[in-house]
Amino acid sequence: MSKRVLEVENLTTEFHVEAGIARAVDGISFHLEEGETLGIVGESGSGKSVTSLSLMRLVPCPPGVILPSSKIRINGQDILKKSAREMQKIRGSEIAMIFQDPMTALNPVFTIGSQLGEVLKRHQNLDNNASRKRGIELLDLVGIPDPTQRIDNYPHQLSGGMRQRAMIAMALSCNPKILIADEPTTALDVTIQAQILELISKLQKEIGMATILITHDLAVVAEVCDRVAVMYCGRIVEESNVFDLFEKPQHPYTRGLISSIPRIEDAGADRSELYAIPGMVPDIHALPDGCRFADRCFQVEDKCRTEDTQLADTGDGRRVSCLFPLGQGAQTA
Amino acid sequence: MSENALLEVKDLKKHFPIKGGIFRKTVGQVHAVDGVSFTLQPGETLGLVGESGCGKSTLGRTIIRLYDVTAGSMKFQGSDITNAEGEDLRPVRRNMAMIFQDPYASLNPRMTVSEIIEAPMAVHNKGIKSERREKIADLLEVVGLRAKMANRYPHEFSGGQRQRIGIARALILQPKLIIADEPVSALDVSIQAQVINLMMQLKDQFKLTYIFIAHDLAVVEHISTTVAVMYLGHIMEKASSKALYANPKHPYTQALIQAIPIADPKKRKAAGEKQTLQGDIPSPITPPSGCVFHTRCPLAEERCKSEVPALRNLGENGGEHLVACHLV
């Protein structure tokens with residue numbers, strides 16, 4: 001068994017706001033093995049982005065609070081016990097992140113070179129010349145044409161795809177063990193998305209880092225991930241390897257999500273109605289007592305509305321949080 | 001055929017001037033739509049796809065005359081609307097409606113739902129108060145909301161529900177043509193499916209014709225009868241949805257379809273097996289000469305740099321399959 005580079009236990013992140021306490025992430029546990037790609041999928045409000053910010057310890061505090069019962073271990077060290085100063089060392093060198101919108105994540109008044117240089121000077125103690133040289137190497141690595149010119153450009157002079165490449169260069173500059181990519185291609189066009197996904201998986205193989213890919217797009221997950229965790233209302237409802245997840249989803253929500261994607265591969269087939277999950281995500285301040293998906297589930301039973309569900313092992317390293325998991329013979333539909 | 005066409009667009013161009021210098025002189029032009037022609041039959045759903053900056057939204061907005069036309073002509077229900085103004089534009093706008101992308105920005109936060117949906121009727125002096133109220137209540141039920149929600153404000157609704165309000169507003173005058181500009185791209189997958197289903201159901205119920213603008217090829221495939229692929233202000237390929245996806249002829253369409261991630265890990269392609277389009281979309285301020293796609297085209301030849309390819313019909317068995325490429 002390969003090494004676990006990241007272990008998350010009972011991670012709970014709350015936001016104390018006027019309307020009450022919003023528990024954006026509610027006691028989730030997962031791990032990440034060396035070199036693998038874990039996909040975290042979910043709709044907006046499912047807590048996937050708060051999870052990634054919690055892993056970086058970048059949740060704004062206040063109003064955000066990571067409860068003390070949570071544990072995030074990177075290579076065995078609990079980063080929630082680290083001081084802010086120690087955390088600065090860990091960010092970038094152990095765990096790095098790329099964000100959805102490269103235009104807002106990059107500083108518009110500094111050149112790409114000076115933003116890259118800042119990381120290199122801080123973490124690797126390079127001087128000006130060395131960091132510029134390394135910066136050009138990195139831009140070349142991520143496929144930016146003409147890196148000696150581009151390093152002096154400002155973010156607005158680059159296209160969306162280029163900016164995302166520059167941000168990847170920045171994230172990779174200190175050879176992190178873990179890369180968190182939060183919706184890295186959502187703001188990009190399909191042809192550029194394909195370029196960036198290809199780049200991330202190529203670099204991952206070369207550098208051997210583990211990646212967490214956070215996305216709402218199941219098709220992207222199917223293309224690049226090894227393992228997937230599906231989130232709903234702050235909890236992981238299903239975790240599985242990617243092949244089994246798409247072939248035999250065990251949670252009704254996962255199945256609903258998969259069936260609601262319009263598919264291009266059966267072009268020409270009858271344009272029947274798309275499967276649509278009825279209703280919508282419940283309000284975070286008024287979560288139901290039982291299973292949080294109960295109101296939208298096609299096989300809901302009385303028990304689902306009163307009994308809370310737990311993520312339970314179903315063999316083959318799969319976990320599901322449902323009283324009546326699909327494909328287990330206990331279903332009614 | 002063309003006598004019955006709902007909409008005929010001929011060589012339509014829309015350029016935006018770029019102003020610069022202290023005297024705000026025009027220093028350049030953004031060639032957003034650069035010579036687009038097509039006809040739309042009643043009952044058709046034309047999907048317009050392309051990457052950002054290809055001019056698909058500008059085309060939609062020019063057709064409904066939110067923008068003035070730079071060159072070319074448009075006929076709607078047989079009458080020329082290219083330069084229609086004031087009172088002449090009123091019947092055009094009554095029969096065309098638009099659904100916008102962002103359900104948060106396209107509804108006035110200070111108006112109640114019933115005021116929002118009523119606005120088009122007020123503008124066109126349709127019906128008296130009680131009739132309007134009844135119609136709004138009916139329509140809210142049709143789009144899957146409850147009639148009693150009419151007095152609420154937009155912020156009380158979720159994204160999917162707001163998009164339903166936008167759809168109700170577009171339907172209130174019983175238009176012939178609805179231009180939907182990325183109506184589902186701001187929504188989550190599960191909600192997206194609900195809205196697509198609703199739009200398809202309304203099309204049958206009200207005998208609508210759609211122009212469906214989107215960047216998501218899979219969504220367009222699902223809803224459209226005909227699909228036009230745009231790149232830098234030009235239509236590169238136009239065919240029935242079936243023919244276009246089963247047998248894409250233009251190298252750009254082929255690359256675009258290849259780039260779509262497929263939601264099935266078993267069909268995952270090994271690295272290198274996939275033909276990824278290199279480079280970025282050129283600027284529409286200085287579009288490439290000849291075929292606008294030649295800078296990224298894997299097959300480009302010398303003549304692609306100088307000669308502009310015309311849209312040619314390569315359809316078999318009488319079907320229309322238009323392709324703008326020298327090499328097919």
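We name chains A, B, ... by the order of the sequence lines, and we start the count at 1 in each one.
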Heavy-atom distance under 4.5 Å between the side chains of Met280(A) and Ile191(B), does that happen here?
yes
Between Pro145(A) and chain B, with a heavy-atom cut-off of 4.5 Å, which part of the residue counts as in contact: side chain, backbone, both or neither?
neither
What distance separates His222(B) NE2 from Ile261(A) CD1, expressed to the nearest 0.5 Å?
12.5 Å
Closest-packed option against chain B by number of heavy-atom pairs under 4.5 Å, given Ser259(A), Ser159(A), Gly143(A), Gly160(A):
Ser159(A)
Run the side-chain contact (heavy atoms from CB on, under 4.5 Å) check on Met200(B) and Leu274(A) step by step: do they pass?
CA-CA 10 Å; Met200(B) 291 175 79; Leu274(A) 277 177; over 6 Å; no
Under 4.5 Å from any heavy atom of chain B - which part of Val221(A):
backbone
Contacting region of Leu244(B) [heavy-atom separation from chain A under 4.5 Å]:
neither
Minimum heavy-atom separation for Glu51(B) and Val190(A), please, with both atom names.
OE2-N, 4.4 Å
Nearest heavy-atom pair of Gly279(B) and Gln195(A): which atoms, and what distance?
O-NE2, 3.1 Å
Interchain contact, Leu277(B) with chain A, by part (heavy-atom threshold 4.5 Å):
both
With no hydrogens and no angle check, is any side-chain donor or acceptor of Asp188(B) less than 3.5 Å from a backbone partner on Ser44(A)?
yes
Heavy atoms only: give me the nearest Gln194(B)-Gly279(A) pair and the separation to one decimal.
NE2-O, 3.1 Å
Side-chain touch Leu218(A)/Val189(B), heavy atoms, less than 4.5 angstrom:
no
For the interface with chain A, which of Pro265(B), Ala259(B), Ala193(B) has the highest count of heavy-atom pairs at distances below 4.5 Å?
Pro265(B)
Hey, could you give me the CD1/CG distance between Ile192(A) and Asp280(B), rounded to the nearest 0.5 Å?
4.5 Å
If we ignore hydrogens and angles and just use 3.5 Å, is the side chain of Gln192(B) paired with the main-chain N or O of Pro262(A) as donor and acceptor?
no
Interface moiety of Gln201(B) toward chain A, non-hydrogen atoms closer than 4.5 Å:
neither
Distance in Å, Leu256(B) CG paired with Asp189(A) CG, rounded so as to fall on 0.5 Å steps
8.5 Å
What part of Tyr253(A) gets within 4.5 angstrom of chain B, counting heavy atoms only: side chain, backbone, both, or neither?
neither
Nearest heavy-atom neighbours spanning Glu247(A) and Lys266(B)
OE1-NZ, 3.3 Å
CD of Gln205(B): more than 12 outside heavy atoms within 6.0 angstrom?
yes
Donor-acceptor check, side chain of Glu223(A) to backbone of Ile262(B), threshold 3.5 angstrom: yes or no?
yes
Rounded to the nearest 0.5 Å, the OH atom of Tyr275(A) sits from the OG atom of Ser190(B) at a distance of 9.5 Å
